[in-house]
Novice: 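Dumping the structure here so I can ask a few things about it.
Just so we're on the same page: letters track the sequence lines, and every chain starts at 1.
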Amino acid sequence: MFDAFIQGLLAYGDVVAFSALLIGTAIGIFVGIVPAIGGMAAMALILPLTFNMDSIIALSIIVAIGAIAGTGDSVSTILLGIPGGGAPSAATLFDGFPMTQKGQAGQALGAMLGSASMGSIVGVLMAVGMIPLIRPLVLTFGSPEMFATIIMGISFLTVLSRGSPVKGMIAGFFGIFIAIIGYQHSTGVDRFAFDNTYLLRGLHIVPVAMGLFAGAEMLDLAISGQSIAPAELVRVGKQLRHDIREGMKAVFHNLSLWFRSVVLGYIIGVIPGLGSSVATFVAYGQAKQTCKNPETFGTGRIEGVIAPESCSNAKEGGALLTTLALGIPGSATMALLLAAIMMQGLTPGPTLMRDNLSLVFTLFWGLAIANIIGGVFVYFIMGYVSLTKIIGLSPRYLVPIILTLAYFAAFTTRQLMGDVIITLIFTFVGLLMKNFGFSRPTLLLGFVLGGYLEDYFWLSLKTQGSLFFLSPVVLIIFAITASLYIVGPLKTLVSRGLNSRRIGTISK
Amino acid sequence: MKPIVLILVTLVVLMAIAFAFAWDYPYLQAKIMPLGLSGMIIILSIVEIVKELSARKRLPSDSVKEETKVASNRRRRTWIEAAWVVGFVAAVFVFGFLFTVFSFSVAYTKSRSARWSISIISAAVLSLTLWVLTYYLLNFKLYVGLIPRLLGFR
């Protein structure tokens, strides 16, 4: 196994293979930064071109695009508040965009780059180490365990909301409510779609997120007549590069949070069916729950960037492992990688692990190297081209750009005009929520998890009976969820007790 | 009536309608989630309405008057900007993406006293980017709009 591990790395000693990785990384960054395209569309477009290529070259390009598009996407999320890739980067938006508004775009970008690159490397190392354990781990996670994980995510509804918890819960439940519009999966009943073919499919995350965040922020910008960040706070050149490095250092100052998020991301990545959105929201929720001054989350906390970004990138290693070792793609991106592998005449699963172990390791190395190169690329693009200048632009130029990109991105998702209407509706919903103190992240969390919640609940009930929640793994997940709510107040109580004792001693 | 109360009352009415619809769904699996969710939203909204209504009213003072003036100015700007956004989407429906993006960009920047040259160049770059993205990179056709469709464009 160790020989294959080294051979996998040496494959990138070949200039052509390394160039393929570079090309894939460059494409990944480009499609990530431009909100309308996204990694999945780019992979789908490149896929037919790789048919006659050597397997290492072809798969390296695909892996690199998939690995790095998320990082590119986070750039536009942090700078413009446009979560192009939908839910995964939406969790970064909660604190990344407010940091930009406060003139801390460099720190946010640095934290994103640092946590993402390191997260992906550790995710890959964990994936490599877990190869012998992957089958039992995946088999342990049935629908009841998935349901318990979703409950953990849903439990963050009140945590994510700032201000009134009642308003936060209203927003969260409303999010779950709009997630159930369309066909009910187990019965086929039309719920609130009124036979409308668009609504029967259910609402898509991209138009909802685009309206709630990009649309509403853009409208607010136009109303206020001010740029995203005041011109005097926009940093470029040397200052910006310094800020990016400061952001990277912040990852080391929050190492335990970073590590928790990486482990969480890796585990969720390994389990097929839970996806990036669940991972990043759960990571964000646990960050808010475990960090000091949780009430300041959402106003531009660097921990709010570190947690979802490290989690999202570590997830890729876990998802790649499940895809290669078991032939089960955990996400649409991994399904495309699976198609690319099969186009090369290889069979993903135990056969691939037995006969082509060095290729498997090459792909893991490719994922890690692409993230490092991607991080360096983004650092240079940001630091030397000074893309941050865009945030100081007057709204009269910025509004048409953001409006066009947001509505265009919403349209490209499924090429339906209905998605444009939904973006418009949620632009106004988002603005009302912002103005009247309802939490938009909570609504999005409810929307992302709502569909899964119902599906896994009924599936668990059907497959395991009414006592499905008594399985050991489910109980462990519930205990972790409960502990997140107990540890915080307990810490506060202990520190209050210690403080009062200290004051007592001083006064004596 | 306070705007927040109006929003919450609207939500209660909408959720009450949803509750009534969900009641008639044929299977328990289909009705339990919408019934539970709409019920919860109604209860929480009523709690919030009561909270808002029981909050003490502030006495009018100079600063409050000033706040009211700022708020009414913001409200006026909100209507204007909201009209631009609705106009953009309506124009996409009628004229399609490319024409709308170009004309909207020129109209919006000009209405905020940008120079003609900057308005036209920025609108052209934005439209060209969209065109290259869709026709060359993403390989699909943009929505052409009702009128171009009637004129035979596909």
Novice: Can you name the nearest heavy-atom pair linking B:S105 to A:P400, along with the distance?
Specialist: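 Scanning both residues, the minimum pair turns out to be OG-CB, 3.8 Å.
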
Novice: Does the side chain of A:I425 reach to within under 4.5 Å of the side chain of A:V429, using non-hydrogen atoms?
Specialist: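 A:I425 vs A:V429: side chains touch.
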
Novice: Counting only non-hydrogen atoms closer than 4.5 Å, does B:I118 touch chain A with its backbone (N, CA, C, O), its side chain (CB onward), both, or neither?
Specialist: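 Side chain only.
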
Novice: Is it the side chain or the backbone of A:N435 that comes within 4.5 Å of chain B heavy atoms, both, or neither?
Specialist: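 It is the side chain, since no backbone atom gets that close.
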
Novice: Does any heavy atom of chain B fall under 4.5 Å from the side chain of A:L432, the backbone, both, or neither of them?
Specialist: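 When you check distances to chain B, only side chain atoms of A:L432 fall under 4.5 Å.
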
Novice: Heavy-atom distances under 4.5 Å only: say whether B:A18 touches chain A with side chain, backbone, both or neither.
Specialist: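 Interface part for B:A18: both.
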
Novice: For A:I223 and B:R77, work out which heavy atoms get closest and say how close.
Specialist: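 Heavy-atom minimum between the residues: O-NE, 2.8 Å.
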
Novice: For B:L126 and A:I401, work out which heavy atoms get closest and say how close.
Specialist: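 It is CD2-CA, 4.1 Å.
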
Novice: Which answer fits A:S186, side chain, backbone, both or neither, if we ask what part of it has an atom under 4.5 Å from a heavy atom of chain B?
Specialist: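 Side chain of A:S186 only, per the 4.5 Å heavy-atom cut-off to chain B.
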
Novice: Which region of B:K110, side chain (C-beta onward) or backbone (N, CA, C, O), has a non-hydrogen atom less than 4.5 Å from a non-hydrogen atom of chain A, or is it both or neither?
Specialist: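 When you check distances to chain A, no heavy atom of B:K110 falls under 4.5 Å.
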
Novice: Measuring from A:K434:NZ to A:F213:CZ, what's the distance to the nearest 0.5 Å?
Specialist: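 Rounded to the nearest 0.5 Å, the NZ-CZ separation comes out at 10.5 Å.
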
Novice: Let me confirm one number: the CG-CD1 distance from A:L416 to A:I421, rounded to the nearest 0.5 Å.
Specialist: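 That separation rounds to 11.5 Å.
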
Novice: Kindly compute the distance separating OG1 (A:T427) from CG (A:D220), expressed to the nearest 0.5 Å.
Specialist: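 Output value for this atom pair is 12.0 Å.
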
Novice: Quick check for you: to the nearest 0.5 Å, what is the distance between B:Y108 atom OH and A:L398 atom CG?
Specialist: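 Taking OH in B:Y108 and CG in A:L398, the distance rounds to 9.5 Å.
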
Novice: CZ of A:F192 to CG of A:D190: how many Å apart, nearest 0.5 Å?
Specialist: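 The CZ atom of A:F192 sits 9.5 Å away from the CG atom of A:D190.
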
Novice: Starting at CZ of A:R191, measure out to OH of B:Y25 and round the result to the nearest 0.5 Å.
Specialist: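 The OH atom of B:Y25 is 7.5 Å from CZ of A:R191, to the nearest 0.5 Å.
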
Novice: Given heavy-atom pairs under 4.5 angstrom as the criterion, report whether the side chain, backbone, both or neither of A:I176 touches chain B.
Specialist: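 Answer is both: backbone and side chain atoms of A:I176 are under 4.5 Å from chain B.
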
Novice: Shorter than 4.5 Å, heavy atoms on both sides: which option in A:W458, A:F428, A:Y397 has the most such pairs with chain B?
Specialist: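 Most heavy-atom pairs within the cutoff with chain B belong to A:W458.
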
Novice: Run A:F408 and B:L130 through side-chain contact (heavy atoms from CB on, under 4.5 Å) and show every step you take.
Specialist: CA-CA 8 Å; A:F408 176 65; B:L130 232 60; 3.7 Å; yes

Novice: What orientation do B:F19 and B:W23 show, parallel under 30°, tilted 30 to 60°, or perpendicular over 60°?
Specialist: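 Judged by the thresholds at 30° and 60°, the geometry between B:F19 and B:W23 is parallel.
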
Novice: Could you tell me which residues in residues 83-90 of chain B have at least one non-hydrogen atom under 4.5 Å from a non-hydrogen atom of chain A, sorted by residue number?
Specialist: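 Within residues 83-90 of chain B, near chain A: B:V85, B:V86, B:F88, B:V89.
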
Novice: If you compare all heavy atoms of A:A410 against all heavy atoms of A:D419, which two are closest, and at what distance to 0.1 Å?
Specialist: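 What the structure gives for the nearest pair is O-CB, 3.6 Å.
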
Novice: Side chain, backbone, both or neither: which part of B:L8 has a non-hydrogen atom closer than 4.5 Å to chain A?
Specialist: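 Answer is side chain: those atoms of B:L8 sit under 4.5 Å from chain A.
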
Novice: Donor-acceptor check, side chain of A:K167 to backbone of B:E48, threshold 3.5 angstrom: yes or no?
Specialist: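 Judged by distance alone, no pair lies under 3.5 Å.
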
Novice: Please enumerate all residues that pass side-chain hydrogen bond (donor to acceptor under 3.5 Å, both in side chains) together with A:Q464, with sequence neighbours excluded.
Specialist: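 Partners of A:Q464 under the side-chain hydrogen bond (donor to acceptor under 3.5 Å, both in side chains) test: none.
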
Novice: What residue, out of B:T129, B:I43, B:L142, B:V125, has the most heavy-atom pairs lying under 4.5 Å from chain A?
Specialist: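 That would be B:L142.
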
Novice: For A:I170, is it the side chain, the backbone, both or neither that has a heavy atom under 4.5 Å from a heavy atom of chain B?
Specialist: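 For A:I170, heavy atoms of backbone and side chain both lie under 4.5 Å from chain B.
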
Novice: Is B:I7 in contact with chain A via its backbone, its side chain, both, or neither, using a 4.5 Å heavy-atom distance?
Specialist: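 Contact with chain A involves the side chain of B:I7 alone.
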
Novice: Closest heavy-atom contact between A:M433 and A:A171?
Specialist: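 Closest pair (atom of A:M433, atom of A:A171, distance): CE-CB, 3.7 Å.
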
Novice: Among residues 27-36 of chain B, which ones touch chain A with a heavy-atom distance under 4.5 Å?
Specialist: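 Counting heavy atoms that sit under 4.5 Å from chain A, the residues of residues 27-36 of chain B involved are B:Y27, B:L28, B:Q29, B:A30, B:I32, B:M33, B:P34.
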
Novice: Considering only heavy atoms, which portion of A:F457 lies under 4.5 Å from any heavy atom of chain B: side chain, backbone, both, or neither?
Specialist: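 Interface part for A:F457: neither.
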
Novice: Hey, which of A:L403, A:V420, A:T423 has the most heavy atom pairs under 4.5 Å with chain B?
Specialist: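 Among the listed options, the one with the most contacts to chain B is A:L403.
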
Novice: With a sphere of 6.0 Å drawn around OH of A:Y183, does it hold more than 12 non-hydrogen atoms of other residues, nucleotides or ligands?
Specialist: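 Not more than 12 within 6.0 Å, no.
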
Novice: Write down the atom of B:T109, the atom of B:S119, and the distance for their closest heavy-atom approach.
Specialist: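 Looks like OG1-OG, 2.8 Å.
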
Novice: Does anything in residues 95-104 of chain B get under 4.5 Å of chain A by heavy atoms, and if so which residues?
Specialist: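 So the qualifying residues are B:F97, B:V101, B:F104.
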
Novice: Between A:F469 and A:F147, is the gap from one ring center to the other below 6.0 Å?
Specialist: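 Centroid distance A:F469-A:F147: not below 6.0 Å, so no.
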
Novice: For the side chain of B:R112 and the backbone of A:R396, is there at least one donor-acceptor N/O pair under 3.5 Å apart?
Specialist: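 Such a contact is absent between B:R112 side chain and A:R396 backbone.
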
Novice: For A:F194, which atoms come within 4.5 Å of any heavy atom of chain B: side chain, backbone, both, or neither?
Specialist: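 A:F194 touches chain B through side-chain heavy atoms alone.
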
